[in-house]
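Here's the structure we're looking at; comments come further down.
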Amino acid sequence: MIVKFLGTGSAWQIPEYSCHCRICQTMRQLGELRTRTAIFVQTGQENILIDCGPDIKWQMNTCHIPRPDAVLITHEHGDHYLGLDDLLSFRRSVNAAVWTPIPVYASAETFKQIDLRFGYLFPDTLEKRLVEPGAGLLGLKTSVVPIRTFHGQTATGSLGYVLTEVGPQGRIFRLAYTSDFSKITGQTEFLSQIDLFIIQSNWLHEPLENRPNHMSLQNALEYIKEWRPKRVYLIHISDQDRVTGDPWNELPKKYPAKAPLAHPVTGRPYPVPTCQVEWQSLADQISQDFNLGIPVTVTYDGLTVDSNTI
Ligand SMILES: [Zn+2]
Ligand SMILES: [Zn+2]
């Protein structure tokens with residue numbers, strides 16, 4: 001299984017346009033960009049795109065992805081489905097006689113929004129496939145099971161996906177992708193045998209008020225300790241933590257921390273990272289300080305992971 005991280009940022013990309021906060025300024029100076037989170041998975045049997053946000057055309061151009069055999073949408077927020085129209089490029093570039101619609105999988109609640117915006121894409125360009133949480137997806141060679149997640153009242157169709165590939169010599173490789181969520185409300189039995197756990201880290205510190213229901217690294221640590229995946233990959237990183245001394249901390253998107261994530265022995269809060277290098281060294285430090293024994297990778301746009309090498 002090869003996983004390409006097409007985008008690794010939160011809903012409006014970071015650095016965010018017109019934002020002068022410490023995080024956005026630092027990233028701009030370093031030339032860093034996190035586009036809207038999406039991944040492309042090549043299982044050996046098929047190509048699966050998970051989420052298709054407004055940056056998908058840019059991501060297709062920079063990552064050179066082929067036509068997906070299936071698209072899995074996690075939920076009905078714009079940063080996760082507003083790029084579906086760009087998949088028309090695949091149809092427009094082949095002879096009509098050989099075109100078959102690309103299957104799109106999502107929950108009934110999520111399809112209510114997709115239908116409103118992109119009804120014209122169905123059934124000729126895309127094919128609608130409704131997903132039932134807990135039931136394996138039909139029509140795919142790869143085993144994919146959706147898991148119900150809680151992401152607030154404006155995304156009641158929110159799902160995570162668990163992909164299982166049986167490789168050479170019967171080796172089983174399992175990937176769990178959880179996207180935007182604050183709690184897992186569906187079955188969790190698969191989650192104790194995960195090789196590659198892709199989890200949102202919208203904040204470092206769990207905010208005082210978690211609205212609209214995202215995962216912080218502080219909160220994710222509890223899930224990581226509970227399920228003990230072989231490896232963790234952090235996605236959907238935002239600029240919403242408050243950085244000490246930043247005059248832009250009062251922006252409404254900057255959420256104060258409830259009780260900052262702190263070193264387990266010294267009690268000293270971890271500083272909020274502003275760029276990729278700081279994020280990765282913090283993730284390494286936290287993994288060590290909490291004796292996780294699990295490598296935690298902070299993803300970046302274009303990162304490719306091959307399951308044979310982990
Ligand atoms: Zn999102
Ligand atoms: Zn969302």
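We count ligands from 1, going down the list as the structure has it; atoms in each ligand are counted the same way. Just so it is clear, the structure is predicted and the values come from calculations on it, not from any experiment.
Here the angle at the Zn ion (ligand 1) defined by OD2 in Asp180 and NE2 in His236 stands at 100°, rounded to 10 degrees.
Within the 2.8 Å limit, His80 places at least one N, O or S atom next to the Zn ion (ligand 1). Residue side and main chain included, His214 places no N/O/S atom under 2.8 Å of the Zn ion (ligand 1). Backbone or side-chain N, O or S atoms of Asp79 do not reach the Zn ion (ligand 2) at under 2.8 Å.
A donor atom on one side chain and an acceptor atom on the other are not found under 3.5 Å apart for Ser10 and Asn202. Side-chain atoms of Thr35 and Gln59 include a donor-acceptor pair closer than 3.5 Å. Counting only N and O atoms by type, the side chains of Thr185 and Arg148 include no donor and acceptor under 3.5 Å apart. Using modelled atom types, one finds no donor on one side chain facing an acceptor on the other under 3.5 Å when comparing Thr8 with Thr37.
Below 30°, between 30° and 60°, or above 60°: for Tyr223 and Phe181 the angle between ring planes is above 60°, a perpendicular geometry.
Taking the Zn ion (ligand 2) as reference, His77 places its N/O/S atom ND1 nearest.
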